[in-house]
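Everything numeric here is computed off the predicted structure, so don't read it as measured data.
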Amino acid sequence: MTVTPVVAREPTAWDHARLLAAVRHAAQRLIGPLTALVIWHMASTLGWVDARFVPTPLTVLRTLHEWMFGTAAGMPYSGTWFVHAASSAYRVFGGFLIAAVFGVVLGSLIGWFRLFSDLLDPIIQMLRPIPITAWVPFAVIFFGIRDASAFFLIALGAFFPIVVNTAAGVAGTPMLLVRAARMLGIRRHMLLPRVVLPAAMPFIFTGLRLGIGLAWVLVIVAEMLAVKSGLGFAMWDAYYFLRMDVIIAAMLSVGVLGFLSDLAIRLLGARVLRWSRGL
């Protein structure tokens with residue numbers, strides 16, 4: 001048996017151009033954060049703001065490192081970051097999944113069936129402007145100071161952008177697409193799952209991205225008021241001791257975790273919606 005050797009393909013000019021474009025794009029996306037970092041550092045070191053209340057980026061970085069990897073026994077901000085971050089992530093994704101399931105299901109019904117729209121849409125539009133903080137007393141009374149309160153608050157807040165975007169996407173499905181599906185023999189009761197929902201996916205993923213962003217906002221509110229652990233709790237606890245470095249470290253942690261969560265949904269959406277780009 002003859003074995004054909006595998007010859008590595010030489011990089012072409014097209015490959016080099018794509019690599020250069022990717023590097024240039026990454027550099028452009030770093031300009032904004034780096035500029036903000038430089039301004040922050042100058043403001044703290046040159047006295048534009050009081051460094052006691054706005055510590056320098058290096059101070060915050062050292063605090064974050066100690067919070068993540070420190071080994072000082074008995075210190076609340078030494079080696080406890082992963083525990084708090086895991087608690088927050090658990091509540092965020094638990095509440096978000098509840099919101100996603102109910103939001104997509106009810107949004108699909110509201111967008112496709114006139115009866116559900118007449119019954120449910122007015123209630124949703126009246127509840128949507130109510131601040132989530134107004135629901136905190138009810139969460140504590142009915143669920144107590146534990147994770148269930150956080151799940152309730154996060155799911156309630158993330159539910160509204162998901163249900164509204166899903167309903168808009170479903171209601172906006174082109175009738176030409178529906179008629180074409182009917183002509184191809186798709187039964188009426190199969191139109192929603194096989195035709196309408198796939199067409200509404202761009203709207204649904206937009207709602208999911210808005211929902212996960214709100215979930216990270218609301219987990220801070222929930223942990224400050226309704227539970228006793230997580231990044232929000234650590235932030236509130238640090239406030240009592242004026243540990244502004246810990247507060248800023250917690251804020252940056254939430255920002256990075258929220259960015260990664262949004263990135264995961266975007267990547268999933270890009271994979272699901274390959275058909276929209278002709279792939």
Side-chain angles (χ1 to χ4, degrees), residues 14 17-18 21-22 25-26 28-29 92-132 151-218 258-279:
W14 172 248
R18 290 182 60 185
H25 179 67
Q28 288 175 345
R29 290 181 65 87
V92 163
F93 290 112
F96 172 72
L97 287 175
I98 295 171
V101 170
F102 282 95
V104 171
V105 171
L106 292 181
S108 300
L109 295 176
I110 291 170
W112 190 242
F113 298 104
R114 182 66 177 270
L115 176 62
F116 284 97
S117 178
D118 293 339
L119 291 176
L120 298 178
D121 191 61
I123 299 174
I124 291 173
Q125 299 309 324
M126 284 189 291
L127 293 177
R128 192 159 63 96
I130 298 175
I132 293 300
F151 287 147
F152 170 75
L153 294 171
I154 293 168
L156 184 63
F159 166 78
F160 293 115
I162 297 175
V163 70
V164 169
N165 276 274
T166 301
V170 169
T173 302
M175 284 298 103
L176 183 62
L177 184 63
V178 174
R179 295 192 192 100
R182 291 287 290 160
M183 291 178 61
L184 291 173
I186 296 180
R187 298 180 182 274
R188 184 177 296 275
H189 68 277
M190 293 301 296
L191 286 174
L192 181 59
R194 296 188 61 182
V195 178
V196 176
L197 277 180
M201 277 297 169
F203 287 85
I204 294 174
F205 273 97
T206 298
L208 293 176
R209 290 184 62 190
L210 293 172
I212 195 65
L214 270 175
W216 279 106
V217 172
L218 295 172
F259 172 78
L260 294 176
S261 302
D262 178 77
L263 179 61
I265 292 179
R266 279 194 292 160
L267 292 175
L268 177 62
R271 185 175 182 83
V272 172
L273 298 174
R274 285 181 299 175
W275 56 269
S276 66
R277 303 189 305 274
L279 300 178

Nearest heavy atoms of [X] and [Y], plus distance in Å:
| X | Y | result |
| --- | --- | --- |
| Ala199 | Thr173 | CB-CG2, 4.1 Å |
| Leu208 | Phe96 | O-CE1, 3.5 Å |
| Pro198 | Pro193 | CD-O, 3.5 Å |
| Ile212 | Ser261 | CG1-CB, 3.7 Å |
| Gly94 | Phe151 | CA-CE2, 3.8 Å |

When rounded to the nearest 0.5 angstrom, what distance separates [atom1] in [X] from [atom2] in [Y]?
| X | Y | atom1 | atom2 | result |
| --- | --- | --- | --- | --- |
| Thr166 | Met201 | OG1 | CE | 9.0 Å |
| Asp118 | Ile110 | CG | CD1 | 10.5 Å |
| Leu197 | Ser108 | CG | OG | 4.5 Å |
| Leu268 | Phe205 | CG | CZ | 4.0 Å |
| Phe93 | Leu97 | CZ | CG | 8.5 Å |
| Arg114 | Asp121 | CZ | CG | 10.5 Å |

When the side chains of residues 153-163 are checked against the rest of the protein, which donor-acceptor pairs come out under 3.5 Å, sequence neighbours left out?
none

**Prompt:** Do other residues, nucleotides or ligands put more than 12 heavy atoms under 6.0 Å from the CE atom of Met175?
**Reply:**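 Result for CE/Met175: enclosed.
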**Asked** Would you find more than 12 non-hydrogen atoms of other residues, nucleotides or ligands less than 6.0 Å from Arg194 atom CZ?
**Response**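 Not more than 12 within 6.0 Å, no.
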**Message:** Within the structure provided, determine whether Leu120 and Leu109 are in side-chain contact (heavy-atom separation under 4.5 Å).
**Reply:**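 Side-chain contact under 4.5 Å: no.
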**Check: Leu191 and Trp112 side chains under 4.5 Å, non-hydrogen atoms** =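 Side chain of Trp112 against side chain of Leu191, heavy atoms only: contact under 4.5 Å found.
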**Request:** Evaluate the criterion side-chain contact (heavy atoms from CB on, under 4.5 Å) for residue pair Leu192 and Phe113; output intermediate values, then yes/no.
**Result:** CA-CA 10 Å; Leu192 181 59; Phe113 298 104; 4.3 Å; yes
